[in-house]
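Below is one structure, written out as C-alpha cells, with a few remarks after it.
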Amino acid sequence: MRMRSGGVPASGWVRGAAALLAGALPALAFPAPSLWWLGYAALVPWLLLIRSAGTTRRAALDGWIGGIGFIVAVHHWLMPSLHVFIVLLAALVGLLWAPWGVLVQRLLGGAPSALRATAAVVAVPSGWLVIELVRSWEGLGGPWGLLGASQWEVAPALRVASVGGVWLVSLLVVAVNTALVLLTTARSPARTTGGVLLVVCALAVGGVWAWAPQPVTTGTARIAVVQPGVVAGPGSVERRLARGEELTRTVAGRGVDLVVWGESSIGAGAWRDPETSRRLAALSRETGADLLVNVDARQTDGSGRSGIFKSAVLVGPAGPTGDRYDKMRLVPFGEYIPARSLLGWATSVGKAAGEDRLRGDRQVVMTLPENDRRLRIGPLVCFESAFPDMSRRLTRDGAQVLVAQSATSTFQKSWAPAQHASLGALRAAENGRPVVHATLTGISAVYGPRGERVGEPLGTQESAAAVYDVPLAHGTTLYGRFGDWAVYAALAALAALCAAEGLRAVRRRPAPGTPGRSARTAHGSPERPEH
C-alpha cells in the first residue's frame, strides 16, 4: 500500500475507509458513550486526512465520505426504522461536508503562514457551523447531533451556551480541534499561532464564566414526572393509561403543582372514550395538581382541520382546561413521509408513518389555572426539544418552565434515549429556564436554569413516578436576548474570507493591455510586431 508523506494512505479505497472512520469518531463524544472530552480532539484525524489531500477533488471527497460516517454514527439507532434510507440520507447530508473539505485543505494544507493559520481557526469552525445550520432543517432530520451538544454536562460549555447557544459551543469545539492540528503539524510561526489561539479560547471561556449574566433563582415548583415504562402487546393503549393513573396516585399529598406524562401517553382508543376525561379529572382532584398529558389521536384543531395530531393537553379538576398545543415540527418518515407520492413505499421496508400527522400552527404557553402562583409552562413534543429557536420563543413568550414530552421506546436499547434527554440541559442553559424532559419509557430528566441536573433521572428500565423541586428563575441570558448571533458571525467570517480570496485573485490578474512576455523567433530575436 502506497503512503503519502506523513503516513497518510494514498490508496483511494483505504483513504475512503479512513475518512469514513474519522468522520464517525466524534459520535463517541455524545451520549451514551459521553466521552465529552474527546470532542475537543475527535476531528483531528479527519482534518489531518483532508489536509493531506493532493487535489481539491480529493479534499472534497474526503469531506463527503467523512460526513457520511458522521451522520451514520450519530444516527445509527435509526437503522431498524429507516433501513436503507439512513444510508441514502447520510449520502445526501454528507455532501454538505464536501466544500468544507476544500476549505480545510486550502487553509491547513502545506505550510500555512501565521495569517493563514489564524484564518483557519476562524473559517474552519465557521464552515462547520454553516453545515450544522443547513442540516438543522426539519426535512433533513433536524438539529440532532450538533457537535456542541456533546458538551451538555460540562458547566463552562453550558455557560458558553447561555451566551451564543449550542452554536457557539460548536464553534469553540471545532476551533480547538483546528488549533490542535496546527500545533501538531505546522511549522513556526503557524504552530505558535495555533498555541496562542488555544490560549485565547481558554481565556474567552474564562471570561464568559466570570461575566456572562445568569438567571436569578426565584423559588421552586414541585413537578412530578410519570414514566409508565414499556407497555406492549394487545390492549397496550388501555394498559399504559391504567399504569399512568396508578403511578400518578403515588404523588398525591406531596404538594405537587404539575404532573407530566410522556408523549403519546394517551392513544386514539382511549382519547375517543369520554370516560378518559373523567378519569383524568379525578386524578387531578386526587393529586391536587394539573396534568399535562399527550394525545396521539385523530382530532379537530381550532381552525377546523381534522386529522391525527400529537397534542399536549392540560387537564384540571374539571377536565381539559382548553389549553392544547399541537406538535409543529414532525419527524420525517416517523410522523410523515416527505413527498409521499414518491417515497410512500418506505412504509413497506421500515417503520415509517402509515398516515401523515398534521402540524400545529403556533406555539403555546399554558398557565396552570389551579396554581396560586400562576405557573406558566411551555410545552414541546418529542424532538422539538432539539430546536433551539422553539425553546427561546417559549421563553420570550413568558414560559417559566419548558416541558418536553417524549417517547423513544422504539429505540429503547440504543443511544437515542440518552442523546434526547441530554438536550434538555442545553435548552435550559441557553434560556435560563428549567427543563422537564418526561418520557414514556426513559430517560426522563430535569435540569435547572443553568443546565445543571436536578434530582436523579428515570432510566430506561424504570416504571415509576418521581417528584422534583424545580428551581424557577428570572432574567434573560445573552442567547435569549440576541439569539443565533454566532451563526450570523460565522456567515460573516466566511463572506469575508471569500471577499479576500476574490480580491487576491483580482490583484494577481494582469491589467488589460499589459504586454506579456516578448515572444521569440527561432533565432532568438524578438518577434517583429505586425502592422
Side-chain angles (χ1 to χ4, degrees), residues 25-26 28-30 34-48 51 103-104 107-108 112-129 132 146-214 388 422 425-426 428-430 432 450-452 477-479 482 484-490 492-494 496-497:
L25 183 61
L28 297 176
F30 294 89
S34 285
L35 304 178
W36 63 265
W37 47 268
L38 182 62
Y40 293 96
L43 293 179
V44 169
W46 191 5
L47 291 170
L48 290 175
R51 176 181 179 273
L103 178 69
V104 169
L107 294 177
L108 292 177
S113 63
L115 181 60
R116 187 147 62 98
T118 303
V121 176
V122 174
V124 170
S126 296
W128 181 281
L129 195 62
E132 293 197 335
L146 303 184
L147 195 57
S150 66
Q151 305 303 300
W152 68 279
E153 55 187 336
V154 183
L158 291 173
R159 189 70 64 89
V160 171
S162 76
V163 173
V166 67
W167 314 110
L168 187 58
V169 183
S170 287
L171 278 174
L172 174 67
V173 172
V174 183
V176 171
N177 277 271
T178 308
L180 284 177
V181 170
L182 291 170
L183 272 177
T184 55
T185 63
R187 299 177 181 177
S188 296
R191 178 177 297 175
T192 302
T193 302
V196 169
L197 291 172
L198 276 177
V199 173
V200 169
C201 288
L203 291 176
V205 172
V208 167
W209 181 268
W211 293 302
Q214 288 296 292
S422 70
L426 288 156
E430 287 170 344
R450 293 176 175 81
E452 74 279 14
T477 62
L478 291 178
Y479 176 74
F482 299 112
D484 302 329
W485 64 267
V487 174
Y488 303 133
L494 291 176
L497 177 65

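All residue numbers refer to positions in the sequence shown, counting from 1. What's counted below: heavy atoms across the whole structure, side chains too, no hydrogens, waters or symmetry copies.
Between Thr178 and Leu107, the closest side-chain pair of non-hydrogen atoms is not below 4.5 Å. When side chains are defined from C-beta on, Leu494 counts as touching Leu103, because their heavy atoms get closer than 4.5 Å. Residues Thr477 and Val163 fail the side-chain proximity criterion, which asks for heavy atoms closer than 4.5 Å. Between Val181 and Val104, the closest side-chain pair of non-hydrogen atoms is not below 4.5 Å.
Between Leu158 and Ala425, the closest heavy-atom pair is CD2-O, 3.9 Å. Looking at every heavy atom in both residues, Ala114 comes nearest to Pro189 through CB-CG, 3.9 Å. Taking all atoms of both residues into account, the shortest heavy-atom contact from Ala486 to Trp167 is CB-CB, 4.1 Å. The nearest pair of heavy atoms linking Gly195 to Leu183 is N-CD2, 3.7 Å. Closest of all the heavy-atom pairs between Leu129 and Ser170 is CD1-CB, 4.0 Å. Minimum heavy-atom separation, Val205 to Pro156: CG1-CB, 3.8 Å.
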Full working for side chain to side chain contact (heavy atoms under 4.5 Å, CB included) between Leu172 and Leu168: CA-CA 6 Å; Leu172 174 67; Leu168 187 58; 5.9 Å; no
Side chain to side chain contact (heavy atoms under 4.5 Å, CB included) between Phe30 and Leu35, intermediate numbers included: CA-CA 7 Å; Phe30 294 89; Leu35 304 178; over 6 Å; no
Go through the steps to decide whether Leu43 and Trp128 satisfy the test side chain to side chain contact (heavy atoms under 4.5 Å, CB included), and finish with yes or no. CA-CA 11 Å; Leu43 293 179; Trp128 181 281; 3.8 Å; yes
Tell me, with the steps shown, if Leu25 and Trp46 meet side chain to side chain contact (heavy atoms under 4.5 Å, CB included). CA-CA 9 Å; Leu25 183 61; Trp46 191 5; over 6 Å; no
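Judged purely by atom type and a 3.5 angstrom limit, Asn177 uses its side chain to pair as donor or acceptor with the backbone of Gly39. In this structure, the side chain of Trp152 does not engage the main chain of Ser34 through any donor-acceptor pair within 3.5 Å. A donor-acceptor pair under 3.5 Å is absent between the side-chain atoms of Gln214 and the main chain of Arg450, judged by distance alone.
Among Leu203, Leu478, Val160, the one residue that satisfies the side-chain contact (heavy atoms from CB on, under 4.5 Å) test with Val208 is Val160. The side-chain hydrogen bond (donor to acceptor under 3.5 Å, both in side chains) with Gln151 is formed by just one residue from the set Tyr40, Trp36, Trp37; it is Tyr40.
Here the CG-CG distance, from Leu180 to Leu197, works out to 11.5 Å after rounding to the nearest 0.5 Å. Summarising the geometry, atom OH belonging to Tyr479 is positioned 5.0 Å from atom CD belonging to Glu430; distances are rounded to the nearest 0.5 Å.
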